[in-house]
2 protein chains.
Amino acid sequence: MATTDENRPARPAGRPRSAKAEKAIIEATLDLISESSGISDLSIEAVAARAGVGKTTIYRRWSNKEDLVVDALAVLKAPLPPVSGRSVREDLITYLEVMRREAGDARSRCVMNIVMNEGDRHSRMVERIRQATVRPRQEALEALLRRGVETGELRADLDLPIAMAMVVGTVMWYAKSAGFGEAGADAGSLPETLAERLADHLLSGLTPR
Amino acid sequence: MATTDENRPARPAGRPRSAKAEKAIIEATLDLISESSGISDLSIEAVAARAGVGKTTIYRRWSNKEDLVVDALAVLKAPLPPVSGRSVREDLITYLEVMRREAGDARSRCVMNIVMNEGDRHSRMVERIRQATVRPRQEALEALLRRGVETGELRADLDLPIAMAMVVGTVMWYAKSAGFGEAGADAGSLPETLAERLADHLLSGLTPR
DNA sequence: ATAATACGAAACGGGGCCGTTGCGTATCGG
DNA sequence: CCGATACGCAACGGCCCCGTTTCGTATTAT
């Protein structure tokens, strides 16, 4: 009978990698990505400096910038909350509320920026991010809208792509516009009641009922 | 009586600057900006190469990258078409049609990308672009919506910021989503009837009437 | 203690782009 | 023709970042 490590992976003798350093690197990467525009602007040296870490420590863990970015963004993948299913309106508000909250966070916002703007330059990476982050949300919203059409809560001739664009686009654009006023200022979070008011306008439309 | 140049600005003797070169530089700049993400990626050397021009020729006209970008983007400022004023629906479709067409053009799209993503890094330049390009459209749309509320064509309790976000955000997001399917492929232009269908969903909402 | 590994710091050669300068040529006015 | 200016081209020194290597030190298992 050996030590307590009997049949565990057998740590490979030597100083173990610092979990703290890894955390600091990921954090620094997220900060710098959200401050920068585009991942081309992101430099490993800047990450190392911000994280208080040697470049060696980064290259020991990730072989290139792309891998680092993917791992860093993976941290942000907050799972979608479950929906009650009681009504389309209620579930829509739930999703809108998630988007409202995320739109107020620079780190979450940069995921969309990357997916939207860097599809050409880093198609493999963006595709990975899309599959992990965007796709599930897209499908959840689509399912909600389809259900609404079936139950009659939504109009029978609903144009699904348009409806999806209305929901997501409106939130995103509202968040962007809110940041326009004060240049650079982050505009922080959006009004508490935004999700509900958005749902109201989206469902009822702009004309009087 | 002197020459025919009597009281004209008196051309400053010497070879005049080539209008063709200037045109080529602007074109190359627009191309490269729309291919690149962020103006940090844009390099003067690349512009010169693409335009078939010496760097000297660029620096002789613009003292820095920012000035060049502003001048280049100014070319895209297609003026807004006049609206008939017959109905809010009709005018809304007119504006949506403009946006649809522009959303299919990479060069026009990059203006919005820049305004949205680079506000922090190049606030002075972005503000100039916003004033020249975004602001007038914003005001035109706002005027249209206000008029609609007054005439009763739009709901009296319309939330203006939300309504604006709905109109613009939906088009933008739809265009983006359309480009998602095929990675890198430009998705070209959007369906002919899009503007009308968008107007219908925006005005009537997602629920049955 | 010793071997193995990780750490931060510093330096390396290489590449890209900066903004400038010099060169030979082309195109204008006088 | 002559002076002036613009042109394309190539080269410059400088900066930043790349990805790698070397160094001295720290932390672990044996």
Side-chain angles (χ1 to χ4, degrees), chain A residues 1-29 32-33 35-69 71 121-122 125, chain B residues 1-29 31-33 35-69 121-122 125:
Chain A
M1 176 169 168
T3 76
T4 53
D5 296 330
E6 186 141 14
N7 41 14
R8 274 192 256 151
R11 176 147 38 131
R15 178 176 175 174
R17 292 189 179 170
S18 159
K20 196 191 315 181
E22 186 142 341
K23 175 87 174 174
I25 294 170
I26 296 286
E27 290 294 309
T29 304
L32 289 173
I33 288 183
E35 289 171 13
S36 184
S37 73
I39 36 195
S40 318
D41 287 353
L42 181 72
S43 80
I44 298 287
E45 298 207 315
V47 173
R50 167 91 52 128
V53 147
K55 278 196 294 178
T56 329
T57 307
I58 297 181
Y59 281 113
R60 193 175 292 121
R61 294 165 158 79
W62 296 276
S63 56
N64 55 60
K65 186 158 61 181
E66 189 167 306
D67 288 354
L68 171 58
V69 170
D71 275 16
R121 270 160 301 286
H122 309 270
M125 181 183 61
Chain B
M1 175 168 173
T3 76
T4 53
D5 296 327
E6 184 142 14
N7 40 15
R8 273 193 258 151
R11 175 146 40 132
R15 178 177 175 176
R17 293 189 178 171
S18 160
K20 196 191 315 180
E22 186 143 340
K23 175 89 173 172
I25 294 170
I26 296 287
E27 290 294 310
T29 304
D31 282 353
L32 289 173
I33 288 184
E35 290 171 11
S36 185
S37 72
I39 36 194
S40 318
D41 288 353
L42 181 72
S43 79
I44 299 286
E45 298 207 312
V47 173
R50 168 91 53 126
V53 145
K55 278 194 296 179
T56 328
T57 308
I58 298 182
Y59 281 111
R60 192 174 293 117
R61 296 159 205 268
W62 296 276
S63 55
N64 54 60
K65 185 157 65 180
E66 189 166 306
D67 288 354
L68 171 58
V69 170
R121 271 161 302 286
H122 308 272
M125 179 183 62

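All of these numbers come straight from a predicted model, not from anything done at the bench. Labels below follow one simple rule: chain letters A, B, ... track the order of the sequence lines, proteins then strands, and each chain is numbered from 1.
- Here the closest heavy-atom approach between residue A:Val53 and residue A:Thr57 is recorded as CG1-CB, 3.6 Å.
- With values rounded to the nearest 0.5 angstrom, A:Ile58 atom CD1 is found 9.5 Å from A:Ile26 atom CD1.
- Distance check, rounded to the nearest 0.5 Å: CD1 of B:Ile44 to OG1 of B:Thr29 gives 7.0 Å.
- Interatomic distance, A:Ser37 OG to A:Leu42 CG, rounded to the nearest 0.5 Å: 11.0 Å.
- Contact of the A:Asp41 side chain with the A:Ile33 side chain is not registered, since no non-hydrogen atoms from C-beta on lie closer than 4.5 Å.
- A close approach under 4.0 Å does occur between a side-chain nitrogen or oxygen of B:Arg17 and OP1 or OP2 of D:dA6.
- Scanning residues 41-49 of chain B for heavy-atom distances under 4.0 Å to DNA chain D yields an empty list.
- Atom CD of A:Glu22 is separated from atom C1' of C:dT5 by 16 Å (rounded to the nearest Å).
- Protein atom CD1 of B:Ile39 is 16 Å distant from nucleotide atom C1' of C:dC17, rounded to whole Å.
- As rounded to whole Å, 6 Å separates atom P of C:dT27 from atom CZ of B:Arg15.
- Within residues 53-69 of chain B, the residues having any heavy atom closer than 4.0 Å to DNA chain D are, in order of number, B:Val53, B:Gly54, B:Lys55, B:Thr56, B:Thr57, B:Arg60, B:Arg61.
- A side chain to side chain contact (heavy atoms under 4.5 Å, CB included) with A:Ile39 holds for exactly one of A:His122, A:Arg121, A:Glu66; it is A:His122.
- The nearest whole Å value for the distance from the NZ atom in B:Lys20 to the P atom in D:dA6 is 18 Å.
- Residues in residues 14-26 of chain B take part in these salt bridge (charged side-chain N to carboxylate O under 4.0 Å, His left out) pairs, two or more places apart or across chains: B:Glu22-B:Arg61.
- Distance alone, capped at 3.5 Å, places no donor-acceptor pair between the A:Arg50 side chain and the A:Ala24 backbone.
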